[in-house]
Novice: 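Provided herewith is a single structure, encoded as structure tokens, for subsequent inquiry.
Given the structure is predicted, the values throughout are model-derived calculations rather than measurements.
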Amino acid sequence: MNLMRACAKGIKNMKITDIINSGRPSLSFEVFPPKTSDKFDSVLAAASEIARLSPSYMSVTYGAGGGTSQYTAEICRALFSQGVTPLAHLTCLSSTRERIGAELNALRERGVENILALRGDAPEGFDRSTAHYKHASELVEEIRRFGGFCIGGACYPEGHPESESLARDIEGLRKKVEAGCEFLTTQMFFDNNILYNFLYRLYRAGIQVPVVAGIMPVTSAAQIKRLIAISGNALPQRFLRIVDRYGDKPDAMKQAGIAFATEQIVDLFANGISAVHVYSMNRPDVAAAIQRNLSEILR
Ligand code: FAD
């Protein structure tokens, strides 16, 4: 179904902030685009299968170097055609103003109304002193000037790996919010107390935009090693014991990882968090299992 037909069918594209503020618990999923064109169809198929679960919205990540950027917009268009509100990620560190302008036009043409504005990480050999954008807050400003998008940003309950302290990080967040960021999505965390503590710090700092809690169901031991290397996350003993016990039994590890993530989400909803984003990593089986486990809670 193309964009015109989606509109004709009355499919509504909602602002993420309206979804989060609707008073109903929101559960969203994430997909990432392929690096090469031969994988595009299989990623699209996985995204469509997740979309059939009718999540509150779905986010599509963006290749930092821009190599796979056109796929983000195409996957967003497909999700919208299926009646799911898309949230397109967009990074800026190694981009130019012209390129960002082109990306915004491409997203608008595909019916995308929500963008997660990110700095991104420097590609190998990139000289950061030449960057047009130094921080996500500058991209947020640019998108706001462009107009018509609901803008989100990333936040890090355990602090961004480059940040000297959580306090400095929160000052960076304040700039992002002042620039026009309307909601925040967290980096994954495995101990909910870390999020509750972070939310308290945001509250004390007067940052009042809604925060979507990012949860990663870890379904293999290899995934854990990658995650720690990328994010430097703290892993609770309770979680490490699961990996020790089931890490070499793939089916058991998957079941335990989904159960752990489900338990985290139940605790978040029970403590008044209204929006949870699941890093579902192009895995319809994992997304479906989480949603099934929460069926009555989401009703
Ligand atoms: P920023 O907001 O710019 O923050 C980076 C650092 O700079 C922080 O330490 C912050 O405290 C500091 N800072 C921020 N603003 C200022 C300022 N004005 N002055 C001084 N210091 C400041 N990467 C991808 O490539 N593609 C994706 O799709 C993607 N999606 C993500 C989704 C989520 C929810 C998260 C949490 C991360 C995602 N990332 C993605 C990774 C992200 O690009 C990296 O973590 C990157 O290093 C920082 O991006 P940011 O937008 O948080 O940067």
Novice: Taking salt bridge (Lys or Arg N to Asp or Glu O under 4.0 Å) as the test, write out the residues that go with R128, two or more places apart.
Specialist: E162
Novice: Could you state whether Y62 and Y156 fall into the same hydrophobic cluster, counting links through intermediate Ile, Leu, Val, Met, Phe, Trp or Tyr residues with side-chain heavy atoms under 4.5 angstrom apart?
Specialist: no
Novice: Can you see which heavy atom on E142 is nearest to which on I100, and at what distance?
Specialist: CG-CG2, 4.2 Å
Novice: Could R119 and D121 be called an ion pair, given the rule that one side-chain N must be under 4.0 Å from one carboxylate O?
Specialist: yes
Novice: How many angstroms lie between SG in C150 and CG in L87, if you round to the nearest 0.5 Å?
Specialist: 8.0 Å
Novice: Could you report the tightest heavy-atom contact between T262 and I258, atom names first, then the distance?
Specialist: OG1-O, 2.7 Å
Novice: Working to the nearest 0.5 Å, report the span between OG of S26 and CD1 of I20.
Specialist: 6.0 Å
Novice: List the steps, then state whether salt bridge (charged side-chain N to carboxylate O under 4.0 Å, His left out) holds for R144 with E141.
Specialist: CA-CA 5 Å; R144 189 166 52 87; E141 262 170 41; 5.5 Å; no
Novice: For residues L27 and P55, determine if any side-chain heavy atom of one lies less than 4.5 Å from a side-chain heavy atom of the other.
Specialist: no
Novice: Evaluate the side-chain proximity of N105 to F146: yes if any heavy-atom separation is below 4.5 Å, no if none is.
Specialist: yes
Novice: Looking only at heavy atoms, which two atoms of Y279 and M216 are closest? And how far apart?
Specialist: O-SD, 3.6 Å
Novice: Drop me the distance from I16's CD1 to I115's CD1, to the nearest 0.5 angstrom.
Specialist: 11.0 Å
Novice: Y57: which residues meet the ring pair (Phe, Tyr, Trp, His ring centres under 6.0 Å) condition with it, sequence neighbours left out?
Specialist: H277
Novice: Side chains of D267 and Y196: closer than 4.5 Å at any heavy-atom pair?
Specialist: yes
Novice: Check whether any side-chain heavy atom of T17 sits under 4.5 Å from a side-chain heavy atom of V209, and report yes or no.
Specialist: no
Novice: Would you say H89 and F32 make side-chain contact, with heavy atoms under 4.5 Å?
Specialist: no
Novice: Under 4.5 Å between side-chain heavy atoms, counting indirect links through other Ile/Leu/Val/Met/Phe/Trp/Tyr residues: same cluster for F260 and I194 or not?
Specialist: no
Novice: Please identify each residue that fulfils ring pair (Phe, Tyr, Trp, His ring centres under 6.0 Å) with F269, with sequence neighbours left out.
Specialist: none
Novice: Give the cluster check for F29 versus V266: same hydrophobic cluster or not, with ILVMFWY residues linked at side-chain heavy-atom distances below 4.5 Å.
Specialist: yes
Novice: Taking salt bridge (Lys or Arg N to Asp or Glu O under 4.0 Å) as the definition, give me every residue that meets it alongside R174, ordered by chain and number, with sequence neighbours left out.
Specialist: E171
Novice: Under the salt bridge (Lys or Arg N to Asp or Glu O under 4.0 Å) rule, collect the residues that match up with D285, sequence neighbours excluded.
Specialist: K254, R283
Novice: Show the nearest heavy-atom pair for residues A287 and I50, with the distance to one decimal.
Specialist: CB-CG2, 4.1 Å
Novice: Indicate whether any N or O donor in one side chain lies under 3.5 Å from an N or O acceptor in the other, for E30 and T61.
Specialist: no
Novice: Under the salt bridge (Lys or Arg N to Asp or Glu O under 4.0 Å) rule, collect the residues that match up with E49, sequence neighbours excluded.
Specialist: none
Novice: Would you indicate whether the side-chain heavy atoms of E103 and S69 approach each other to under 4.5 Å?
Specialist: yes
Novice: Hydrophobic clustering (ILVMFWY, side-chain heavy atoms < 4.5 Å, transitive) - are I273 and L298 grouped together?
Specialist: yes
Novice: Hey, are the side chains of H135 and K176 touching, using non-hydrogen atoms and a 4.5 Å cut-off?
Specialist: no
Novice: Can you tell me how far the OG atom of S94 sits from the NE2 atom of H132, to the nearest 0.5 Å?
Specialist: 10.0 Å
Novice: Taking side chain as C-beta onward, heavy atoms only, is F183 less than 4.5 Å from L116?
Specialist: yes
Novice: For A213 and L195, work out which heavy atoms get closest and say how close.
Specialist: CB-CD2, 4.0 Å
Novice: For S56 and T85, work out which heavy atoms get closest and say how close.
Specialist: O-CB, 4.4 Å
Novice: Would you kindly confirm whether L173 and F189 end up in one hydrophobic cluster when ILVMFWY residues are joined by side chain heavy atoms under 4.5 Å apart?
Specialist: yes
Novice: Carefully, step by step, assess R299 and E296 under the rule salt bridge (charged side-chain N to carboxylate O under 4.0 Å, His left out).
Specialist: CA-CA 5 Å; R299 204 181 287 277; E296 290 305 315; 2.8 Å; yes
